[in-house]
There are 2 protein chains.
Amino acid sequence: MRATENKKDHNTDKYKCSSLIVRRNKEFTIIIKLDRAFNAQQDDVQLEFLIGSSPNEKKGTYITVSMGKRKHQGHWKGRVVEIQGNDVTVGITPDAGCIIGRFRTYVALITDLGKQHTQRNPDTDFYVLFNPWDPEDQVYVDEEEDRQEYVMNEVGIIYNGEYNNIRYRSWNFGQFEEGVLDACLMLMDAGKVPLMFRGNATEVVRQGSALLNAQDDDGLLVGNWSGDYSSGTAPTAWTGSPEILLKYVKEGCEPVCFAQCWVFAGVLNTLMRCLGIPARVITNFFSAHDNTGNLKTDIVLDDDGKVDRSLTKDSIWNYHCWNEVYMKRLDLPEKYSGWQVVDSTPQETSDGLHRCGPTSVSAIKEGELSYPFDAKFVFAEVNSDVVYHKSDKYGNMSVIYVDSAYMGKAIVTKKKGSIKYEDITSTYKYPEGSLKERETMQMAVSRGVPTKDYLPLTEAGVDFELQADTIKMGDNLKLTLNIKNHSSQTCTLSAIITGCVVFYTGVTSTTFKHENISTTVEASKTESLTMDVKALEYMPHLVEQSNLLFMVYGHVEENDASISTMRVVTLSPPELAIKMTASPRVGKEVIVSVDFQNPYNFILKNVQLRIDGPGLIPTKLKHYSRILPGASVKYKVSFFPLSLGKKVLMACLDCPLLRQVTNQIEFEVVKD
Amino acid sequence: MRATENKKDHNTDKYKCSSLIVRRNKEFTIIIKLDRAFNAQQDDVQLEFLIGSSPNEKKGTYITVSMGKRKHQGHWKGRVVEIQGNDVTVGITPDAGCIIGRFRTYVALITDLGKQHTQRNPDTDFYVLFNPWDPEDQVYVDEEEDRQEYVMNEVGIIYNGEYNNIRYRSWNFGQFEEGVLDACLMLMDAGKVPLMFRGNATEVVRQGSALLNAQDDDGLLVGNWSGDYSSGTAPTAWTGSPEILLKYVKEGCEPVCFAQCWVFAGVLNTLMRCLGIPARVITNFFSAHDNTGNLKTDIVLDDDGKVDRSLTKDSIWNYHCWNEVYMKRLDLPEKYSGWQVVDSTPQETSDGLHRCGPTSVSAIKEGELSYPFDAKFVFAEVNSDVVYHKSDKYGNMSVIYVDSAYMGKAIVTKKKGSIKYEDITSTYKYPEGSLKERETMQMAVSRGVPTKDYLPLTEAGVDFELQADTIKMGDNLKLTLNIKNHSSQTCTLSAIITGCVVFYTGVTSTTFKHENISTTVEASKTESLTMDVKALEYMPHLVEQSNLLFMVYGHVEENDASISTMRVVTLSPPELAIKMTASPRVGKEVIVSVDFQNPYNFILKNVQLRIDGPGLIPTKLKHYSRILPGASVKYKVSFFPLSLGKKVLMACLDCPLLRQVTNQIEFEVVKD
């Protein structure tokens, strides 16, 4: 099958797999060994490529390519390149829209007595993938730099934290790792979309979105936001996709436990890049989880100004990760081609199954929400208003304040060829307050998005801004509330500040602070109030990913108006140090040590420490049953770099009391 | 609840159901009985309407309407109409977009001590339905005549047979029959779409399409085209929807056996009209079942010119029934509102489930196939080409003839206020061969429909037309092949005529005739060849619904061109006579007899005879274990008409050897 030669030409030589892997609409050559010389004028030889359990010519699952005397009609092109003795070199070009997957090869000899086939031989199986290098392919990308990042890069960065304090972690996509391609195809086979649609990237992406999560079908990953991950691996503990995909295959296609949004997005990115579809991971800071289908996220405050957890059913994710994939949308008008949102984190069902997308980013920006798939849901994630309600003692609620600029604050992805992030908010939204933004909202309404039905509220004449330092988990925190009176009269303000612990999904846990303040602010003046939050106050209540939410509800006496704001404070975890003995050279042993010291006055139990080096070492995992206060651990691994170039080593420490302590180093492997 | 008075105003008095039934955005009045006089200035009374298991104000499943001193904010409007002693008459108006279904009513009294509720009382439950009479409703219809036909008519006509011999049968929709409304709501509950989307007709229709068939979900009806219906009722034997819906409920929501397309369409029509969505049953003559997603239906002829049944996987349904529903498409640009196709016969899966639509009829006509749902599938049903292939002995196929005018020959539905049909083909397609038709095809291709990839073929210079008489099953048949030579030279033609038995789905059964002919036709002349088909030849091979398919494959010697045509001949079943003793008067007994004589020389076994009279009698069923050759049966039923006006009585005789022998009489019930 000339695997080595062909794979170089097809940009598939990085796959750790001995079989031939080719891309659509590009010729590959194979050698057919006959027991006598080939006669192109007389011999009637046919190559047959089969996929799936019931190959059918019309469905593109049974391909024939004739060589010799018969005229050829099929979709795949074939030609005799060279005849050398009994060996015939044949060039085969799969068509630009053909099914992707693993094909079986047969040679058939046609004589007057009938057709004779070669035996099945798994060594002549080969894989056909999407081809972002070919202008005829649905997933064609113009720039080599883009292909190198969105198809070929095996490592990526996923952003998390909070809008004011964007943090990141590396992720090992590992799309070329041994067994990963087979795992991806096995996952596709578990889906319901027939083979004949697997040449269509839109279908493959939609199927991928449904299959990543274990809901409905026997998908790959079980979502879990409960805080209890003792029956599996905590979502925060993974360092990359190959460990998950290989575990899925090893355990007989049983769903893997557990995932949250960045895990779903990280693994979907692997699936896409592995099959040849350009893909990237996106983080949306302050993402609405709109569970009622309108464009509002409702926050209900009780009589005291505290969040009423039982009535606040919607939630605002501090961040939410999804993917974008790049393709021509053959089913839509041309302008909706390009980047498409796809989200495999199970939130709502889309047309019966847990999936979301693909939906055109440019259609979201224009409010053109009629086209498939799930545009309304994505539009709500980035455009919802935050609506504050207050309930009286009878449970009757009234709207007190609307914040239309809170959601979709920043949408970011890794910059190509860099570890910095790129802010792509403007590809999803027109600027806040612009004419175009209003037009978009009108368009969205004409496409069935419910109109906002709250009445204009009394202007408070006062603005709130809540400031907080970036602190480490375990530090004390200083909170500042700036009250700006932009009216022409003095205002008398009473406010309630509530501090609670939240999950990254915005679901609130314990309320640890509740304070009443009141002040007078003169016309056109700004007053600042500060509040100290001690580590002692929040530490006992922390949940994973350590976010604190402060909410202010204020009431202006003069005009009976209300005003609210909130602020999420992300607590930085302690440091995880990665050290390398020497600058790494090909073929020479390198020793890496990862060091961690428990800075807290409590014991860390059931600690997992992972080291992952895409292309260097498979994921290494070490367990520590306990790390005492002040104690240090050191985990050393050694490896022999096999190839030149830029590499990444990442480490992740995770335990129930301390989640997602990560670090990564980038370095160059040089010649010895 | 003032059910009788309200139901008259709400066009719901025909429902045989004692509860109150109202339509959206129209006021109904109820009386609240207090134990003292009501004081509008001081009392704080709230009406609460709840639906589903977890009522939630934000989701529209928990509605409050205040009366008395509290200002009211909710979606439903309420007002005090009259106070008479301790009785308060309250007017309630559900909003135009509210959820449809069964609501529970509570009265709450709010005092300083808290809220006190009345107890649950099923007698105060009521149903809210769609409102085609209200311009604010999504399903509003302008003309009263349309509403009377598409919402209120309890009987309909479903067309079948063949394009040249359109036959029909009556169908009892029975949307107002006792228990039918509850059955429809029970079916909706079996679906996956949350209650909060049940105010949206688009969602309700899509859900209905999936639920009618038992695939995927525990839907209503099991599709069966096998010819063996011994484990249930044959699809041809049903006379209407109520029997099916009531059987479903009675048997604990177990799917009912069996259905084919007109049964699915008939029952879906009942579901729609029952919930208040205007709906009609459509028949498409020569309907493509495109199972490969392109616009071709491939017919493969073998070396001999006979249909190769193993290679001809696509099929052309002689007719196929679906539904149209009328609504504003809030999710699409305005011009795509109006009639929408919905098809509940399980053919292909749509986005994971067996369902199809709703899809805008006008979008199909324009080739604008990007919009949801399933436009491409419906477009293919009415626009596919028939492509004739011929295979050589090696199995290599070549296209020999393309017929682009065969499919979607006529699309018909019952004319409003008449028993005749209305041809609505022009609402789906521009005229064959017009410029607009070509533009539509271009638009469809730009929306992802595959381009037709066959090359132009040699013009044969000859046209075929195959004529046949309309005959009764058991008669001999004369077939005429007109060969028109429109070239300027004599042509020498050899042709093969094949006759086989087909199911209405176009699936071929036994080939009973195969004849070679050859002739010479002079330039610009027409030659006619006749062929006799004896009853003896086809009778032993008949399958249900008795269709014969004749296919001609011709070859012109002079230019080596091929030409093909086919013709379906529907055999009329014997007569079923319905007789009534006297002209029917309200309250007077009427005796009806249904007579049938077996005209064949074989025994009819396991015969079912149904009599159905919507609004007159529930479906009556009689079994005859055998009817000997020449023997007659007579089935008499008596009933007492209860209301004036036009009524329909229908009868249907069905057995494995003779399917769908139907008849109906229409008459006026007059005053005694």
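Below, chains carry the letters A, B, ... as their sequence lines are ordered, and counting in each starts from 1. The analysis underlying the following values was restricted to heavy atoms, covering all of them including side chains, and did not include hydrogens, waters or symmetry mates.
- The most heavy-atom pairs under 4.5 Å with chain A, out of B:G448, B:P333, B:G97, B:G60, come from B:P333.
- Remark: B:Y371 engages A:Y371, B:Y336 in a ring-ring contact (aromatic ring centres under 6.0 Å, His included) (not counting sequence neighbours).
- Once rounded to the nearest 0.5 Å, the distance linking CG of B:L332 with CZ of A:R447 reads 8.0 Å.
- Contact annotation for A:Q138: neither backbone nor side-chain heavy atoms come within less than 4.5 Å of a heavy atom of chain B.
- Among residues two or more places apart in sequence or in another chain, the side chain to side chain donor-acceptor pair (under 3.5 Å) test is passed with B:Y62 by B:E48.
- Interface remark: B:Q46 contributes side-chain atoms only to the contact with chain A (heavy atom separation under 4.5 Å).
- Among all heavy-atom pairs drawn from A:S370 and B:P372, the shortest one is O-CD, 3.1 Å.
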